[in-house]
Structures are given as structure tokens and as C-alpha cells.
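Below is one structure, written out as C-alpha cells; comments come after it.
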Amino acid sequence: MLIVQQILNGIMLGGIYVGVAVAFTLTIGILNFLNFTIPVLFMLSGMIGWSLSFYGLPFGLSEPLGWLPSLGIGIICAILASLVVERFTYRYFKAKHGDATEHAIPLVSSLGFLLIFEYMVLIAHGSDPRGFHTPFGDLDLRFAGLVISIPQILSLVVSLAIVAGLSMLLRRTQLGRALRATAENPDAAVLMGIEVNRIVPVVFVLTGLLCGLAGALFAVNYGEVSPYMGDQVGTKAIAGMVIGGLGSVWGAIAGGLIVGLTETLSIHFFGATSAQITVWGLLLVLLLFRPKGLFGHNAIGKGKF
Amino acid sequence: MPEPILRLEAVGKHFGGVVVLEDVSFDVRAGSRHALIGPNGAGKTTLFNVISGVFPPDEGRVLLDGLDLAGVPSRRRIGMGMARSFQNIRLMPHLSVVENVMLGQHARPGLLRKLKPVGLLPKSRERDEALEVLDRFGLDAYRGQVVANLPYGIRKKIEVVRALMAEPRLLLLDEPAAGLNSTETAALRDFLMEVSARGVTLLVVEHDMPFVNSLCEHVTVMNFGRRIYDGPAAGAREDEAVLDAYLGTHHKKGASDAA
Amino acid sequence: MSGYMAGVLAILGINVIFAYGIYLTAAAGQLNLGGAGFQAIGAYAAAILSVELGFGIVSTIVLATLAGALIGFLIAFPILRTRGVYMVLATFAFAEVVVGIILNSDTLGGAMGMIMFDYIETPAVLWTAAGVVAFVFYLMSTPIGLAMRAVHDDEPVADLMGVNNRAIQVAAFASGGALAGLSGALYAFYFGFVEVQYFNAFLSIFVLLYVLIGGTQTAWGPLIGAAFFTLIPEALRIGEDWRFLIFGVLIVLMMIVRPEGIVTRDAIDRIVARLMPGDRRA
């Protein structure tokens with residue numbers, strides 16, 4: 001029974017990774033851009049949510065807010081931050097001249113933003129983890145000897161619902177078709193009358209939304225946030241994205257869950273620090289021997305840097 | 001008749017189901033100026049890629065000096081005396097003109113030579129040689145510049161000079177005159193005549209027929225991946241199959257000089 | 001030289017050597033986001049050789065450098081199967097696995113780290129760094145260096161020019177691994193201890209940034225990049241957190257105004273032309 005419990009925990013943990021992994025896979029798939037600000041967008045929503053629920057709005061504008069509006073504003077802040085990144089990062093992606101270093105420009109620039117956002121939060125709030133309180137902090141569902149916390153189920157359901165919605169958006173709507181056409185071939189998309197310049201911010205809004213939501217769910221789930229919360233989750237989400245295959249939304253979901261499972265089971269069987277080897281070792285082996293992952297296309301991300 | 005420097009024997013190549021080259025055979029005589037012409041999509045660039053080893057032929061053989069090149073990696077062929085230029089100029093964008101030209105020396109033998117700090121020495125045989133060739137072809141003024149900023153015609157010439165630095169006996173040129181104006185084309189012809197006079201065999205893919213006629217004495221014509229004519233340049237203008245290929249089956253008499 | 005200055009200069013020397021390790025692969029067109037892994041290999045090799053096996057300082061540093069070269073050589077073959085984003089991620093994953101192995105090994109001290117018995121001083125670090133700078137400048141000036149830059153610019157054409165792309169790329173990884181390993185060994189001996197937490201993802205990111213911000217077109221890039229980002233924060237004399245914030249802002253600004261790095265070939269040409277108006281060599 002213990003092992004079933006571990007598997008359940010792994011899936012729940014994977015649920016957190018899913019949103020972030022999907023954000024990574026969207027920017028890679030549509031823009032061919034490895035966006036390193038994604039982990040801090042995740043962290044921003046959690047930390048801003050905590051800050052609002054602890055201090056209230058800045059400059060003493062309000063009393064501490066409730067947990068739900070706090071996280072809502074946190075998510076909006078993550079989206080705004082993502083748009084700031086678009087304005088100063090992706091814009092220069094367009095000026096490609098077929099050069100290795102030039103293709104790395106948005107990647108390097110996003111690493112700059114990673115530092116900016118992370119250290120802004122560190123300067124404002126210090127590096128200590130902070131407790132985040134929600135009404136269902138210790139509401140557990142017990143069933144046949146298994147324990148599942150309500151927030152865990154909530155977060156898994158919300159994650160999957162968002163991704164399912166996103167997948168619908170990509171498949172069914174005009175916007176989704178434009179996004180997919182841009183992913184296939186940006187030049188052809190322009191010829192087809194798609195305004196790529198308008199599509200790009202949409203990707204960044206989605207990125208901010210997905211990361212913000214994942215950050216909010218993390219806060220609810222674990223009842224704790226910290227300026228470093230994005231680092232581990234972000235890198236694990238990258239692993240999940242690669243395992244699923246770059247550019248594949250469903251792959252990112254499967255990959256996120258696989259990483260969650262691998263991590264929990266590895267900790268269960270080999271001890272607390274072993275997940276570092278199993279998750280990254282799995283990723284490394286996959287990259288070397290099946291680089292397109294479980295569901296990915298061969299073409300994505302192969303372009304020279 | 002001397003041994004041909006390059007011999008193609010029934011070369012065939014297909015990509016998936018599309019046959020790009022079929023049963024292509026011809027010889028390139030040592031020291032000749034040989035043109036390879038044909039309408040767009042005839043398979044000329046594919047043939048160049050097969051000869052230079054970018055990909056292997058599916059059928060047939062490519063022989064350099066009577067030696068079968070099957071299994072010889074593309075990077076070894078330049079050292080065997082065969083260098084090429086590209087249809088779209090492929091100079092290294094971040095190297096200066098001299099450095100691009102000196103890259104042409106890479107295939108020469110000698111490991112020790114590769115450890116010589118040429119870039120730090122104020123004077124070296126390698127640099128002097130590159131500068132001398134640039135000077136001879138009137139490119140001296142551009143030697144220190146990064147190639148990305150240079151005019152098209154200049155870059156075309158530099159690409160040929162780079163290939164020459166490998167001291168090839170056979171030079172494959174893929175549309176060297178494309179995009180050049182008439183003055184530049186004339187200059188390029190004189191330049192290639194000079195190269196030829198030094199004993200280098202030229203195999204030239206080209207669309208510009210006046211250029212071909214003034215440069216080459218021998219012509220191979222291709223259409224739909226097949227060789228349809230191989231012989232003296234003058235003969236191609238009279239050949240029925242060639243006229244068909246360029247003008248369609250219902251060509252009128254008297255339009256033959258268009259070929 | 002004050003103790004503070006000596007400390008800053010030693011860090012600068014270690015960072016410069018480390019940056020050149022990443023530069024060698026970048027100059028040949030590969031991005032290595034696993035620098036921390038290679039540096040950790042050098043640092044822990046030094047710790048094992050010196051503390052456990054009793055080797056002298058010089059032989060330890062030499063062997064740790066060779067360990068970095070060997071791992072770089074071996075990992076190059078699988079890594080070179082990947083391209084673009086995949087290579088960035090594969091090198092990143094490699095570093096994480098290295099750290100994970102150290103973290104789980106009792107012999108290597110796990111999360112506790114290892115204490116060194118021997119020490120080196122700043123001048124030793126700086127002389128080594130000077131040697132490395134000289135070596136890379138020499139290497140980049142040879143036909144091999146030219147071939148590396150050709151591989152960076154256009155692999156298929158480099159191949160047709162007779163360059164053995166695979167050999168160049170493997171050699172770049174091996175020599176890059178050697179320099180990163182060397183910087184790790186120097187780090188271990190200078191600071192007197194190694195702890196795995198130091199070799200985290202941010203370290204890999206920082207060192208790649210030194211190289212890309214400095215510019216990959218000439219051998220000046222990593223030197224300027226590492227110096228810029230080691231010395232500027234020291235000069236500003238501000239809190240640790242503010243340094244990294246300013247570092248981030250500088251990176252974003254740099255990518256906007258000088259995306260090819262601080263030092264480009266054009267810039268060098270212009271400086272040379274100004275200093276030596278008569279000299280027209282490239």
C-alpha cells in the first residue's frame with residue numbers, strides 16, 4: 001500500500017511540473033526559444049501572492065488580502081512580467097543573421113531576466129521560506145488506507161483542466177491555428193496573413209498564465225513559498241518537457257507526471273538525494289538516444305545556436 | 001587521349017521516389033574548361049554534391065584520376081585535388097577575407113603546420129601566400145574586412161580564390177557568374193582563363209550562355225537528371241535534344257543561338 | 001596587495017580559466033551549459049588526489065586537469081549527437097548528474113564537502129591564468145583555431161574545405177573540460193574546501209554568460225567578460241543580492257546594445273587601425 005501512496009504522491013507532484021513544462025514546451029515549439037524566465041515567473045506568482053496575503057497591497061494601501069485574491073494578483077503579476085520579458089527579449093530574436101551567438105540572444109537575455117526577478121524578490125523579502133495559509137491546509141481524503149490532500153487533488157485537476165483547455169485552444173480556435181502555423185513555419189505564416197508580431201505576445205501571456213497558476217497551486221499545495229521555489233521546479237519541468245518531446249503539449253503533461261513519479265519513487269527506494277541522479281540521468285539518456293522524446297517532432301530545437 | 005581527371009560512370013541519385021540523376025556518364029579532360037549546363041532542376045547541383053561527396057551516388061561511380069571515390073569522405077577530397085564553390089556564396093561570415101582564403105590552405109598536409117601561430121606572427125608563408133593571391137586578383141583592398149559586409153561580386157571572387165588556395169587540379173564552380181553584372185562577368189571570365197592557364201581543370205555549372213561560350217570549349221548538357229549532350233561547345237547549339245530541352249519540342253528554326 | 005584585493009584577483013583568475021574552458025566549445029559552435037559539472041570534476045578530483053591519495057599540489061592539479069579532459073573527451077561523443085537546444089539541455093543535464101553523483105557519494109563527502117590540507121596563494125592562480133590566456137590566444141591564432149571558427153560558422157563548408165569537424169568538436173570539448181577541471185582544482189586549493197552546493201546550475205549559467213557577453217568571435221571575449229563581471233560588482237561595493245540584480249540588468253542591456261558580445265572582430269579591427277594606421281593586416 002505504501003508504494004501505491006508513493007505513486008499517488010508522485011502524480012500529485014508531477015501535476016505541479018505539468019503547468020511549467022507546458023509553458024516551456026509552448027515557447028520552444030512556437031518560438032524556438034528556451035525561455036529561462038519561466039522558473040521565476042512561477043516563483044513570482046507564489047511570492048507576490050504570499051506578500052499580499054501577509055502585508056496587503058504595497059504602501060499600506062490595504063489590509064492583508066485573502067488567499068484567493070492574493071494568488072489571483074500574483075498570477076496577473078506573472079503575466080505582466082512575462083510581457084516585460086517579451087518586450088526586451090524576444091524582440092531581438094527577429095534580427096537573426098544565421099549566427100551561432102546571435103541565436104543565443106533571447107536565451108542569454110532571458111537568463112538576465114531570471115537574475116533580475118529572482119534577486120528583486122530576494123532583496124525585498126530575503127531568502128527564507130514563508131508559510132502560506134489556506135483554509136484547507138490539512139484537509140485530507142482518506143480512502144482504503146491512502147491519504148490524499150484536497151489541495152493536491154485540486155492542483156492536479158486544475159493543471160489538467162488548463163492543459164486540456166489549452167490543447168482545445170490550439171486545435172479548435174482561429175488563434176490556435178495561427179499559433180500552430182507560426183510554429184510550423186514563421187515565414188509561411190507571415191505570407192498567410194498571420195500577424196506574427198501579434199501572436200508572439202500571446203505566447204508570453206500564456207506562459208505567464210501557466211507559470212503563475214502553477215506557482216499559485218504550489219503555494220496552496222505545500223503551504224510554503226520561497227524565492228528559490230522556481231529553481232527546482234523549473235529545472236524538473238525542463239526535464240519533463242524533454243522527456244515528453246519538445247513542442248508537444250501532451251508530451252509535457254506525460255513528461256511532467258513521469259518526472260514527478262521518478263522523483264518520488266527514487267526518493268522512496270534510494271533516499272532523499274537520489275532523485276538528482278535518476279531524473280537528470282533519465283533526461284540525459286533520453287536526450288542522447290531518443291532526443292525527440294515521447295511525442296516530439298524531430299525538427300524542433302535543432303537549429304544552430 | 002590522356003586519362004580524364006574526372007570520370008562519371010552511370011551515376012544515379014534519387015531522393016525518396018524522385019529520381020534526380022539517372023545514368024549520367026561523362027569525362028572531364030585534364031586541363032579543359034568544361035561547362036555543365038541545363039534547365040533549372042536538371043540535377044546539376046546534385047551532381048556537384050555527389051562529386052564533392054556531400055552525399056554518395058545511389059548507382060554508378062565517380063572516379064578522380066582513375067580512382068573510385070566511393071567511401072572517400074567529403075573532407076578528404078579537397079586534399080586529393082578537388083575544390084569547389086557554392087551556388088549561394090558560403091564564405092565564413094565571421095572570418096576576415098584573408099582568414100577565409102587561408103582556410104583554403106587547411107587541406108594541405110602537415111600537422112606541425114597546423115600548430116603554427118599564423119594569426120600572431122607579423123609575417124608567415126601562409127599569410128604571404130594568401131595576400132599574394134588576393135593581390136593578384138585585385139582583392140587586396142578587402143583583405144582585412146569581415147566578409148559579411150562585402151559586395152556580392154567580390155564575395156563570389158573570394159570564394160573562388162579560397163578554393164584555389166587548396167591548389168586543386170580540378171575546380172568545381174557552381175554558377176560563378178550568377179548575380180554579376182556584365183563588367184563583373186567579363187572580369188570573372190578573364191580571371192578563370194588565368195586560372196585555367198595555370199593548368200587547373202574547370203568544371204562550371206552556369207546559366208549565362210554567352211559566359212559559357214566564351215569560357216568553355218566543352219559542354220555537357222543535362223535535362224531531367226539525364227545527360228542529353230556531351231561534346232564541343234559549338235556542337236550544343238546545333239543539337240536537337242538540347243534545343244528541345246531549352247525551347248520545348250516545337251522550337252522554331254533559327255532560334256538555335258538561344259542555346 | 002591587500003588580502004581583499006588578493007581574494008578578488010584569485011577569483012578573477014579562476015573565473016577566467018573556467019570561462020576559457022567554456023569558450024573553447026563555444027568558439028567551435030557548441031554551447032556548453034554544464035560548466036559547473038566540469039569544474040566540479042576538477043575540484044573533486046583534486047580533493048581525492050590530494051587528501052585521500054596524498055599527491056603533491058602540482059601533480060594533483062595536472063591530474064585533475066587531465067581528469068577534466070578525459071571526461072570532456074568521453075562525454076563529447078554522446079553530446080555531439082545532439083544539436084541546438086538539445087545540446088544546451090544535454091550539457092545542463094550532464095552537470096546535474098555529476099552533482100547528483102557527488103551528493104550521493106560518501107567517499108566524496110556528499111553534501112558535507114571535503115576539506116583540503118594544502119593551499120595555494122593568489123600569485124599561483126594568476127600565473128596559471130596567464131598561462132591559460134596565452135595558450136588560448138596561441139591556439140586561436142593557429143590554423144586549428146581558424147578551423148574551429150570555420151566549424152562555428154558553417155559545418156558543411158568547413159568539411160568540404162578539409163576540416164575534420166568531429167575531431168575539432170571533440171577536441172574542443174576535451175580541452176574545454178581540461179580548463180574547467182583546472183579551474184576547479186585551483187578553486188579547491190585556493191579556498192581549502194570543496195562543497196557540492198557551489199557547483200549549481202547558476203554557476204553553469206554565469207560562466208556561459210561571461211563567455212557570451214564577452215563575445216565568442218575572438219580570444220579576448222572570455223577575458224573581458226570574466227573581468228567585467230568579476231570586477232564591476234566588486235567595484236560597486238554593494239550587497240550580494242544587488243550585485244546579481246545589476247548583473248541581470250547589464251546582461252539584458254548588453255543583449256540590446258551589443259548582442260555579439262563586448263569584443264567583436266570589427267571592434268578589434270577598428271582599435272588596431274587606430275593604433276597602427278599603417279598596418280592593414282587582418
Side-chain angles (χ1 to χ4, degrees), chain B residues 49 52-54 73-80 82-86 89-108 110-111 113-123 126-127 130-131 140-149 159 162-163 165-166 172, chain C residues 26-29 133-169 171 215-221 260-261 263-274 276-282:
Chain B
N49 284 337
S52 55
V54 174
S74 46
R75 71 164 193 279
R76 293 226 184 281
R77 299 187 182 195
I78 190 167
M80 296 168 71
M82 177 164 78
R84 71 171 286 188
S85 74
F86 300 85
I89 302 170
R90 299 276 288 271
L91 290 168
M92 304 301 176
H94 293 104
L95 304 193
S96 71
V97 172
V98 187
E99 285 169 335
N100 262 288
V101 171
M102 284 167 71
L103 186 63
Q105 303 166 338
H106 190 86
R108 295 186 193 170
L111 184 65
R113 197 189 57 74
K114 293 202 173 68
L115 297 174
K116 191 169 166 185
V118 178
L120 294 178
L121 299 173
K123 214 171 156 51
E126 287 78 4
R127 177 180 295 277
L131 291 177
D140 186 50
Y142 307 100
R143 60 188 184 179
Q145 296 188 29
V146 174
V147 296
N149 312 324
E159 208 185 39
R162 177 178 71 178
M165 282 310 282
L172 309 175
Chain C
V133 174
F135 166 73
V136 176
F137 267 87
Y138 157 75
L139 181 69
M140 295 315 287
S141 78
T142 64
I144 292 179
L146 189 61
M148 285 171 68
R149 289 162 57 202
V151 173
H152 169 286
D153 275 6
D154 193 334
E155 280 184 49
V157 173
D159 174 79
L160 288 171
M161 299 313 293
V163 176
N164 188 339
N165 289 343
R166 177 49 63 102
I168 292 275
Q169 289 166 331
T216 57
Q217 292 177 11
T218 73
W220 288 101
E260 293 209 302
V263 189
T264 59
R265 294 203 65 73
D266 275 352
I268 298 258
D269 288 350
R270 258 179 269 132
I271 292 167
V272 169
R274 187 165 301 171
M276 295 177 275
D279 184 79
R280 302 243 311 285
R281 83 193 153 89

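Chain letters run A, B, ... following the sequence lines, proteins first, then strands; residues in each count from 1.
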One should read off an interatomic distance between Lys114(B) NZ and Ile144(C) CD1, to the nearest 0.5 angstrom, of 7.5 Å
Got His106(B) and Leu146(C) here, is their nearest side-chain heavy-atom distance under 4.5 Å? no
Of the backbone (N, CA, C, O) and the side chain (C-beta and beyond), which part of Arg90(B) lies under 4.5 Å from a heavy atom of chain C, both, or neither? both
From CZ (Arg84(B)) to CE (Met161(C)), nearest 0.5 Å: 11.0 Å
Pairs of heavy atoms under 4.5 Å with chain C: top-ranked of Leu91(B), Leu103(B), Val146(B), Leu131(B): Leu103(B)
At what distance, to the nearest 0.5 angstrom, does OG1 of Thr142(C) lie from CD of Glu126(B)? 11.0 Å
CZ/Arg76(B) to CG/Asn164(C) distance, rounded to the nearest 0.5 angstrom? 7.0 Å
Roughly how far, to the nearest 0.5 Å, is the CE atom of Met140(C) from the CG atom of Leu120(B)? 11.0 Å
Among the options Val54(B), Leu115(B), Val118(B), Asn100(B), pick out the one with the most heavy-atom pairs lying under 4.5 Å from chain C. Leu115(B)
Does Val157(C) form a side-chain contact (heavy atoms from CB on, under 4.5 Å) with Arg162(B)? I'd like the steps, not just the answer. CA-CA 12 Å; Val157(C) 173; Arg162(B) 177 178 71 178; 3.6 Å; yes
Where Gly162(C) and Ala107(B) come nearest, the two heavy atoms and their spacing: CA-CB, 4.4 Å
Please determine whether side-chain contact (heavy atoms from CB on, under 4.5 Å) holds for the pair Arg149(C) and Leu95(B), giving the CA-CA distance in whole Å, both sets of side-chain angles, and the decisive distance to 0.1 Å. CA-CA 8 Å; Arg149(C) 289 162 57 202; Leu95(B) 304 193; 3.2 Å; yes
Nearest 0.5 Å, what's the CD1-CG distance between Ile78(B) and Leu160(C)? 7.5 Å
